[in-house]
Amino acid sequence: MAAVAAATCKRRAAPFARDVTSATAAEPKSESWQRRRLRMELVGGRRDPDVARKQFLDLPWEDVLIPHILSFLPLRQLLSLQRVSKAFQSLIQLYLTNMRCFDSSQVGAHIPKAAFCILLKDNEVLQQLSVQNCSDWLSDKELLPIIGQNHHLQHIDLSGCAQLSRHALVAISLSCPNLRRLSLAHCEWVDSLSLRSLADHCKELESLDLTACRQLKDEAICYLAQRCHKLKSLSLAVNANVGDVAVEEVAKACPELEHLDLTGCLRVKNNGIRTVAEYCPKLRALKVKHCHDVVESSLSILRNRGVELDVEFPLQRALVHLQDVVGFAPFINLQI
């Protein structure tokens, strides 16, 4: 029986040894002698696995293991380590309690509800929360407690979370005053009232994705722009209710704007684009594809400034088409 138990322990420790080896291989040469000795023993297999694990766990958890080793391992592997022993389970629980970033893609978009709640139930120091495309299971019931206890969140991604409600955005606005980046793409539950709450309480916002938030109209976007002057990136794409009124207000109120996505905003016209060109000197990229009333006369101002556009210069398109037809590019005297 002792031989069987030792063999089982060795098999369970082997994956962990490989994980620790890969994590510490990239460490600088100045690594501590304790960690270097442990790595050599794990790789060389000169000691019993139980001894190696004990030495590993004897290292300071919060000062060494969590920031310098566990933080380099994928979350899925860390969760698997809980099965090694009760001591490892305690270590991983401490890691989860002090975790600064949670990304659902590391454990799979279809993570069970209960598992999600257990993972983050004691965490109050999250700075980044990404649960994009978890529409199959994520609702207000699971999300709101996490938001309510984490007041240091700076980056939240709820893209594609269709089962949430406006209460989620209100909770974010009330609990996360230092929020910098927020993605609500394809969250059609976002309405004017919840966006107003966000604008009133999260004035440090620098990046906001409202792609396909089809309930929003010009009035709500104007209210947002008037209060969130630090916006650098804004997407209003795929929203037929957004027009020149909103675009002009964004341009005038957000001089730091660098990226603006108006893809598919059918009511946006040349006047709005000209205002953007006039009031946004830091603009680096503008998307206006499928904005059928935006023509080159307004885009040329931005094009001449080197702003990246997602539509080609009309003459370029014509030459490319002609080259495809006749097989060569004709010479055209542009000075005529």
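Just so it is clear, the structure is predicted and the values come from calculations on it, not from any experiment. Throughout, residue positions are numbered sequentially from 1 according to the sequence presented.
Residues meeting the side-chain contact (heavy atoms from CB on, under 4.5 Å) test with Ser130, sequence neighbours left out: Asp103, Gln132, Asp157. The salt bridge (Lys or Arg N to Asp or Glu O under 4.0 Å) search around Glu124 returns none, not counting sequence neighbours.
Between Arg214 and Glu188, at least one side-chain N (NZ, or NE/NH1/NH2) sits under 4.0 Å from a carboxylate O, which counts as a salt bridge. Ion pairing between a basic and an acidic side chain is recognised when a charged N comes within 4.0 Å of a carboxylate O; Lys289 and Asp310 show no such pairing.
Between Leu286 and the choices Leu257, Leu302, Asp261, the side-chain contact (heavy atoms from CB on, under 4.5 Å) rule is met once, by Leu302. A side chain to side chain donor-acceptor pair (under 3.5 Å) with Glu256 is found for exactly one of Lys282, Lys230, Lys232, namely Lys282.
No donor-acceptor pair under 3.5 Å is formed between the side chain of His152 and the backbone N or O of Gln127. Side-chain atoms of Glu278 never come within 3.5 Å of backbone atoms of Ala251 as a donor-acceptor pair (strictly under, hydrogens ignored). Side-chain N or O atoms of Asp140 include one that pairs as donor or acceptor with a backbone N or O of Ser165 at under 3.5 Å.
Taking a 4.5 Å side-chain heavy-atom cut-off between Ile, Leu, Val, Met, Phe, Trp and Tyr, the cluster of Leu174 extends to Val170.
Shown here for Thr211 and Ser235, the closest heavy-atom pair between the two residues is OG1-OG, 2.7 Å. Nearest heavy-atom pair across Arg100 and Asn98 is NH1-O, 2.8 Å. Closest approach of Cys280 and Arg305 over heavy atoms only: O-NH2, 2.9 Å. Taking each heavy atom of Leu195 and Ala220 in turn, the nearest pair found is CD2-O, 3.8 Å.
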